[in-house]
Amino acid sequence: MAEKSDSQLPSSDASSENASFKNLEPRNINSSTSSLEERTVNEVVPETVTPKTEEASHPASDDDVLIVDWDGPDDPANPKNWPESRKWAAALAVSSFTFISPVSSSMVAPASLQIAQELHITESIEISMTISVFVLAYAVGPLFLGPLSEVYGRSRVLQIANLFFLVWNLVCGFAQTKGQLIAFRFLAGLGGSAPLSVGGGVLSDMWNAEKRGRAVGIYSLAPLLGPVIGPIAGAWIAQRSTWRWVFRSTTIADAIVQLGGLYFLQETYAPVLLDRKAKKIRKNMDAEKGQPRIVRTKFQTEERKLKHLIARALVRPFVLFAQEPILQLFGIYLAFVYGTVYLVLTTLPLIYTELYHEEIGIVGLHYIALGLGLSAAAQINSRSLDYTYKRLKEKNNGIGKPEFRLLPIIPGACLLPIGLLVTGWSAQEHVFWIVPDIGFFLIGFGTSSTFQGLQAYVIDSFTRYAASALACVSCFRSLAGFGFPLFAPYMYNALGYGKGDTILAAFVLGIGIPALVCFYLFGEKIRGFSKRANHSHLNPPPANPQQQS
């Protein structure tokens with residue numbers, strides 16, 4: 001049976017805690033009252049630390065071990081049982097973190113010529129580096145920030161990382177050389193990368209699969225919409241002021257986001273919350289001076305040192321990519337899609353300044369077309385994700401599968417190559433300016449649809465390890481976001497916009513869409529071979545989760 005304890009969020013007074021502790025009974029971990037999904041995702045090696053006790057030096061009997069779990073399936077301390085208002089407050093806080101960082105990544109793009117002139121940058125690749133080095137940090141940060149959130153908790157990692165981003169983004173506005181600016185941008189990107197991997201874990205902590213689609217839709221829109229809104233504002237700031245105020249304005253906005261996060265973003269990671277509960281129980285045991293016993297959460301199956309847990313967590317994204325075909329294929333596909341977005345962001349000003357001879361402020365307004373496509377897909381696809389999942393789950397005898405997320409992606413993903421072809425050839429032929437904008441709209445719609453569905457699929461497939469799985473995917477897509485703008489000018493100079501975009505469209509049609517269809521049909525079998533994927537619909541929970549690795 002589950003223990004009764006008031007050591008929840010918010011914490012109760014000491015007397016109630018003592019009374020609650022007296023009602024605790026020792027039990028084996030098998031008596032957990034968690035749901036089928038929760039039991040399945042918890043069949044893993046624990047991530048929180050069990051303090052050393054004298055009993056830990058030798059095998060303990062069941063009577064010596066107190067297993068701490070939620071107080072039943074309706075425990076209000078469990079983030080899955082939080083009120084919807086509290087869940088959405090946390091989700092919007094995470095999405096705000098995820099939004100403000102990409103804004104800073106691209107907001108400086110319209111001011112690149114000002115930066116080059118003041119800091120004496122002459123090479124085009126160095127100008128591109130001042131913009132894309134921020135995205136390079138996105139490839140590095142999640143590899144340790146995502147796993148650390150599975151040791152110390154989501155909220156703590158997000159808050160500290162965002163504060164790190166805030167400081168270095170402000171310092172960028174005071175850079176005096178190109179070396180300083182590139183270095184400061186990279187450090188700011190490290191802090192700004194945390195929400196890209198940790199945010200998905202927050203949503204996984206709070207919602208079950210059938211209710212997660214809308215939250216994932218908003219969260220997935222943020223890193224795509226941010227780079228679109230950034231250049232619109234940055235163009236007018238650069239035209240009316242200086243490039244230094246681009247960084248100062250984003251720092252002011254991030255300070256507001258930081259204050260909101262301190263209030264609304266509470267801890268959601270179950271192992272950390274239960275570890276806090278266990279610590280209160282140990283404190284009460286010490287106060288009552290009763291017989292010493294080992295207190296562990298249901299996630300803790302053995303004694304582990306903190307350094308071992310951290311080392312294991314930091315290696316996990318690499319292990320996941322090496323062993324999981326899902327992350328290998330979709331990681332590469334999302335890398336291409338994300339790289340295409342940043343390619344569009346950097347080539348759009350060139351199209352409208354060189355081919356259509358427009359002023360920089362007016363050029364920034366063309367990003368609205370891309371933003372409208374992203375927003376429209378977010379509204380439509382986020383609803384279709386949940387609707388389709390529920391309908392297919394009902395037809396599958398009430399058993400949900402991550403593959404149900406992939407079906408709504410396919411129509412939207414087809415718009416991405418169409419948009420590339422429309423944009424590339426209309427720009428090359430100097431067609432009326434609104435035609436390339438239509439192409440940008442279709443690119444935005446197709447990109448957003450793909451991102452939302454695949455993010456939801458990864459979260460559903462690796463529920464317990466959502467942060468590490470998203471960190472793995474984020475690494476490769478960020479590398480593409482860094483590299484695509486560097487080679488884009490050379491590709492378009494050699495081939496032209498029409499042929500260049502045709503090559504990109506052919507990749508989506510030849511690899512991306514067939515991959516979606518393949519995983520929709522055979523993804524269940526592929527996940528069946530995985531040690532870490534969520535495949536609760538394939539097998540019932542094992543008799544003893546301690547036997548799982």
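At least one donor-acceptor pair under 3.5 Å links the side chain of S155 to the backbone N or O of L265. Although no hydrogens or angles enter the test, the distance criterion places no donor-acceptor pair under 3.5 Å between the side chain of T423 and the main chain of L420. Put simply, the side chain of S132 never gets that close to the backbone of V135: no donor and acceptor are under 3.5 Å apart. No donor-acceptor pair under 3.5 Å is formed between the side chain of R185 and the backbone N or O of C172. The closest donor-acceptor contact from the side chain of K87 to the backbone of M206 lies under 3.5 Å. Under the 3.5 Å distance criterion, the side-chain polar atoms of S105 are matched with a main-chain donor or acceptor of P102. No donor-acceptor pair under 3.5 Å is formed between the side chain of T447 and the backbone N or O of G444.
Shortest non-hydrogen contact noted between S104 and F134 is OG-CE1, 4.2 Å. Between S478 and Y138 the shortest heavy-atom distance is OG-CB, 2.9 Å. Smallest separation of non-hydrogen atoms from L509 and P514: O-CD, 3.4 Å. For the residue pair S449 and A377, the shortest heavy atom distance occurs at OG-CB, 3.7 Å. Between W245 and S241, the shortest heavy-atom distance links the atoms CD1-OG, 3.3 Å. Between F97 and P195, the closest heavy-atom pair is CB-CG, 3.6 Å.
Legend: residues meeting side-chain contact (heavy atoms from CB on, under 4.5 Å) with L329, ordered by chain and number and at least two apart, are A515, F519. For Q258, the side-chain hydrogen bond (donor to acceptor under 3.5 Å, both in side chains) criterion is met by Q159, N162, not counting sequence neighbours.
Looking at Y338 and F484, their side chains never come closer than 4.5 Å, going by heavy atoms from C-beta outward. Contact of the E84 side chain with the W207 side chain is registered, since non-hydrogen atoms from C-beta on lie closer than 4.5 Å. The shortest distance between side-chain heavy atoms of I237 and M107 falls below 4.5 Å. Using a 4.5 Å heavy-atom threshold, the side chains of L327 and V458 count as touching. Y356 has its side chain within reach of P436: a pair of non-hydrogen atoms, C-beta onward, lies under 4.5 Å apart. At a threshold of 4.5 Å between non-hydrogen side-chain atoms, the residues L516 and L454 count as touching. Y333 places none of its side-chain heavy atoms less than 4.5 Å from the side chain of V473. No side-chain heavy atom of W243 sits less than 4.5 Å from a side-chain heavy atom of V108.
A ring pair (Phe, Tyr, Trp, His ring centres under 6.0 Å) check over residues 494-515, counting only residues at least two apart or in different chains, returns the pairs F336-F507, Y492-Y497.
Y352 and F440 have tilted rings, their planes meeting at an angle from 30° to 60° on a 0 to 90° scale. Ring geometry for F445 versus F441: interplanar angle of 30 to 60°, hence tilted.
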Task: Derivation and outcome, side-chain contact (heavy atoms from CB on, under 4.5 Å), residues Y490 and I125 - done: CA-CA 10 Å; Y490 302 101; I125 193 170; 4.2 Å; yes
TODO: Could you please spell out the steps behind the side-chain contact (heavy atoms from CB on, under 4.5 Å) verdict for D254 and N169?
DONE: CA-CA 10 Å; D254 185 57; N169 189 66; over 6 Å; no
Task: Test log, rule salt bridge (Lys or Arg N to Asp or Glu O under 4.0 Å), inputs E118 and R244 - done: CA-CA 11 Å; E118 184 170 339; R244 298 185 185 276; 3.0 Å; yes
TODO: List the steps, then state whether side-chain contact (heavy atoms from CB on, under 4.5 Å) holds for D437 with H366.
DONE: CA-CA 7 Å; D437 277 354; H366 289 283; 3.0 Å; yes
TODO: Tell me, with the steps shown, if T502 and W425 meet side-chain contact (heavy atoms from CB on, under 4.5 Å).
DONE: CA-CA 9 Å; T502 299; W425 287 106; 3.0 Å; yes
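Distance check, rounded to the nearest 0.5 Å: CD of E267 to CZ of R276 gives 5.0 Å. For the atom pair CG of L158 and CG of L163, the computed distance is 12.5 Å after rounding to the nearest 0.5 Å. Taking CD of E324 as the reference point, atom CZ of F462 lies at 4.0 Å (rounded to 0.5 Å). In this structure, L372 CG and I438 CD1 are separated by 12.0 Å, a value rounded to the nearest 0.5 Å. Atom CD1 of I100 and atom CD1 of I256 lie 8.5 Å apart (nearest 0.5 Å). One finds the CG atom of L181 at 13.0 Å from the CZ atom of F174 (value rounded to the nearest 0.5 Å).
Other residues, nucleotides and ligands contribute only 12 or fewer heavy atoms inside 6.0 Å of the CZ atom of R156. The number of heavy atoms from other shown groups lying within 6.0 Å of CD (Q117) does not exceed 12. More than 12 heavy-atom neighbours from other residues, nucleotides or ligands sit within 6.0 angstrom of CH2 on W88. Environment of CD in E126: crowded, with over 12 heavy atoms of neighbouring residues, nucleotides or ligands closer than 6.0 Å. Within a 6.0 Å sphere centred on CZ of F432, heavy atoms belonging to other residues, nucleotides or ligands number more than 12.
Each of L190, L479, L145 was compared with V140 under the side-chain contact (heavy atoms from CB on, under 4.5 Å) criterion, and only L190 meets it.
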